[in-house]
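Read through the structure below, which is laid out as C-alpha cells, and then see the notes.
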Amino acid sequence: MRITPAAKRAIMIGSMCSLSYLAVYVARNILGAVSPQMIESGLFTTENIGTLSSVYFITYAVGQLINGRIGDKIKSKFMISLGLILAGISNFLFSTMVSSPLSSYIIYGMTGFFLSMIYGPMTKVVAENTEPIYATRCSLGYTFSSFFGTPLAGVLAALLLWQGVFAASSALLIIMGVICFIVFTIYERKGYIAYGRFVRDPKKGGSIRVLIKHQIIKFTLVAVLTGIVRTTVVFWLPTYLSQYLGLSTESAALVFTVATFIISATTFVAVFLYERLHRNMDLTVLVSFISSAVCFALVYIVHQSTLNIILMVMAIMSASCAASMLYSRYCPSLRDTGMVSSATGFIDFMSYMSASISSTLFANAVNSIGWGNLILVWFGLMVAGIIVALPYNKLLKKA
C-alpha cells in the first residue's frame, strides 16, 4: 500500500515526538518507581518523597503555563531539545547532590520546570504540520509513550539502585535532546515542518472567548480529575502495593512494572472505545469516567491482592482513556485558534497543579484516614468526572 506524502510526514514527525516524550516519561516516573528504595535507604521519609513529588508537580505545572505560551512564539525544536538536555542535567544532579532536603527539593523542582518545555510545543508542531486525522494519531503515539515510560522506569528500578536509575534516565534525556534538535533541523530543510501556519482570527473574539467556545472549561476539569489519577495515584502505586497489600519492596517494584506496562496499552483501548462510540469524544470521556468509578468502588470492596491489583489497574486505565481523548483529540483540534501550545500548557498546568496538591494530601491522608478511605476519595473524584462529562448542551437543547 502506497503511503501518501501527508501520511509520511505524520509518521516522521510523530515518531520523533513519541521517542522524545518516552524519555520525558521515563524520567518523570522514576521517583515513584524508586521511592520504596529511597525510603529504605534512610535518606528520605515518606513525607520527603511526597514533598518532592509535590514540588515537581508545581514546577512542572507552572512551567507548562509559561512554556506553553512561549511555545506559540518560538520554534518547537529549541523548546523541546533544550528542555530535554537541561532536564537531563538537573535530574543527574539530584541523585549526586543529596546534601539536604531543601537542596533536593530545589534541584528536582528544576527538573520539573525543564520537562515542562516539551509537551505544548510538541503538540503545536504536530497539529500545525499534519492533517487532523494524522494529528490525532500522532498524539496517540506520544500518549502511548507517556504510559509506556512508566513500566520502563519500573524496569530500571528493578535492575539498578536508585542513584543508577536517575543516572540512566539523565543520559537518555540528554541523548534524545541532541537527536531531537538534529532531526527537527533536517525536517525543516525537507519541508516536513514549518511554523506559524495557523493564527487566531481576531474577528472571532479574544483568545479567552475563543477557547471558551471550544469547551476549554469542561476539558480543564477533565484534565484536573484525570491528572490526579494518572499522575498521583500511579505515583503512589508502589507504596500502596507494599503498605496496603503487604507486598515486599521487590515484589511491589515488579508488580508496578507489569501493571504500568498494561496501563501503557490505554491509548489503544481509548481508540477502540472512541471508534466503537462512533468517534464521539464526549461520550467516550463519559463512559471512561463511569468505568473508572465502578472499578474504584470494587477496589474498596475486594481485598484479595490479585483481584485488587487487577481492579486498580482497570480503574487507572479507564480514567486514562478520558485523558487520552483530552490530549490526543481535543488539544490538536484547537489548531485553528493558533493557540495549541498555550491551551495545552494551560490544561497541563491545571492537571499538574491538582496532582501536586493531591500528592501531598494523599501522603498525609495515608497516616490519618488510611488507604481504604483514600480509595473512596478516588472513587468520589471519578463520580465528579461523570458529572462534568454529562452532555449538558444536548440536554438543554432537548429541554
Side-chain angles (χ1 to χ4, degrees), residues 3-21 24 63-84 116-146 177 179-211 213-216 219 223 281 324-349:
I3 299 177
T4 65
K8 180 181 178 181
R9 183 188 302 113
I11 291 171
M12 301 295 286
I13 297 173
S15 298
M16 190 67 249
C17 289
S18 296
L19 289 172
S20 299
Y21 212 51
V24 171
Q64 285 284 2
L65 196 62
I66 297 171
N67 293 317
R69 185 60 178 166
I70 296 173
D72 277 326
K73 304 294 184 182
I74 66 175
K75 290 184 177 181
S76 297
K77 75 173 180 181
F78 294 121
M79 295 289 290
I80 296 171
S81 58
L82 189 61
L84 289 167
S116 73
M117 297 172 66
I118 297 160
Y119 186 70
M122 183 181 294
T123 302
K124 181 179 177 66
V125 77
V126 167
E128 290 192 341
N129 291 279
T130 61
E131 295 178 4
I133 186 173
Y134 297 129
T136 297
R137 292 173 183 176
C138 287
S139 299
L140 285 171
Y142 54 80
T143 300
F144 168 74
S145 294
S146 71
I179 292 175
C180 188
F181 183 84
I182 294 172
V183 171
F184 269 47
T185 300
I186 294 172
Y187 286 176
E188 289 172 1
R189 292 175 179 174
K190 289 188 173 184
Y192 293 159
I193 292 177
Y195 301 97
R197 289 181 171 179
F198 295 88
V199 295
R200 176 175 57 84
D201 184 354
K203 295 179 181 178
K204 294 184 178 180
S207 58
I208 296 177
R209 184 177 176 182
V210 169
L211 291 175
K213 288 182 180 178
H214 283 77
Q215 301 187 82
I216 189 72
F219 284 97
M281 177 176 60
S324 293
M325 286 296 100
L326 170 67
Y327 292 108
S328 64
R329 181 68 185 87
Y330 175 71
C331 289
S333 73
L334 299 174
R335 73 173 189 172
D336 291 338
T337 69
M339 297 179 288
V340 172
S341 183
S342 297
T344 302
F346 172 74
I347 287 173
D348 247 11
F349 165 76

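Atom-to-atom distance recorded for Met117:CE and Leu84:CG is 9.0 Å, nearest 0.5 angstrom. In this structure, the separation between OG on Ser20 and OH on Tyr119 is 13.5 Å, given to the nearest 0.5 Å. Atom CD1 of Ile118 and atom SG of Cys180 lie 8.5 Å apart (nearest 0.5 Å). Here the CD1-OG distance, from Ile13 to Ser76, works out to 10.0 Å after rounding to the nearest 0.5 Å.
Between Ala223 and Ile347, the closest heavy-atom pair is CB-CG2, 3.4 Å. Minimum heavy-atom separation, Arg9 to Gly191: NE-O, 4.3 Å. Nearest heavy atoms, Gly71 versus Lys124: O-CD, 3.4 Å.
Residues passing the side-chain hydrogen bond (donor to acceptor under 3.5 Å, both in side chains) test with Asn67, sequence neighbours excluded: Ser116. Residues forming a ring pair (Phe, Tyr, Trp, His ring centres under 6.0 Å) with Phe346 (at least two apart in sequence, or on another chain): none. When the side chain to side chain contact (heavy atoms under 4.5 Å, CB included) test is applied to Lys8, the partners found at least two apart in sequence or on another chain are Ile3, Met12, Tyr192. Every side chain to side chain contact (heavy atoms under 4.5 Å, CB included) that Ala10 has, sequence neighbours left out, goes to Thr130, Tyr134, Cys138. In terms of the side chain to side chain contact (heavy atoms under 4.5 Å, CB included) criterion, residue partners of Thr185 (sequence neighbours excluded) are, by chain and number, Lys77, Phe181, Arg189. Phe219 meets the ring pair (Phe, Tyr, Trp, His ring centres under 6.0 Å) test with Tyr330; sequence neighbours excluded.
Among Ile193, Ile186, Ile11, Ile179, the one residue that satisfies the side chain to side chain contact (heavy atoms under 4.5 Å, CB included) test with Met16 is Ile179.
Although no hydrogens or angles enter the test, the distance criterion places a donor-acceptor pair under 3.5 Å between the side chain of Asn129 and the main chain of Val125.
With contacts defined as side-chain heavy-atom distances shorter than 4.5 Å, the pair Tyr187/Lys190 does not qualify.
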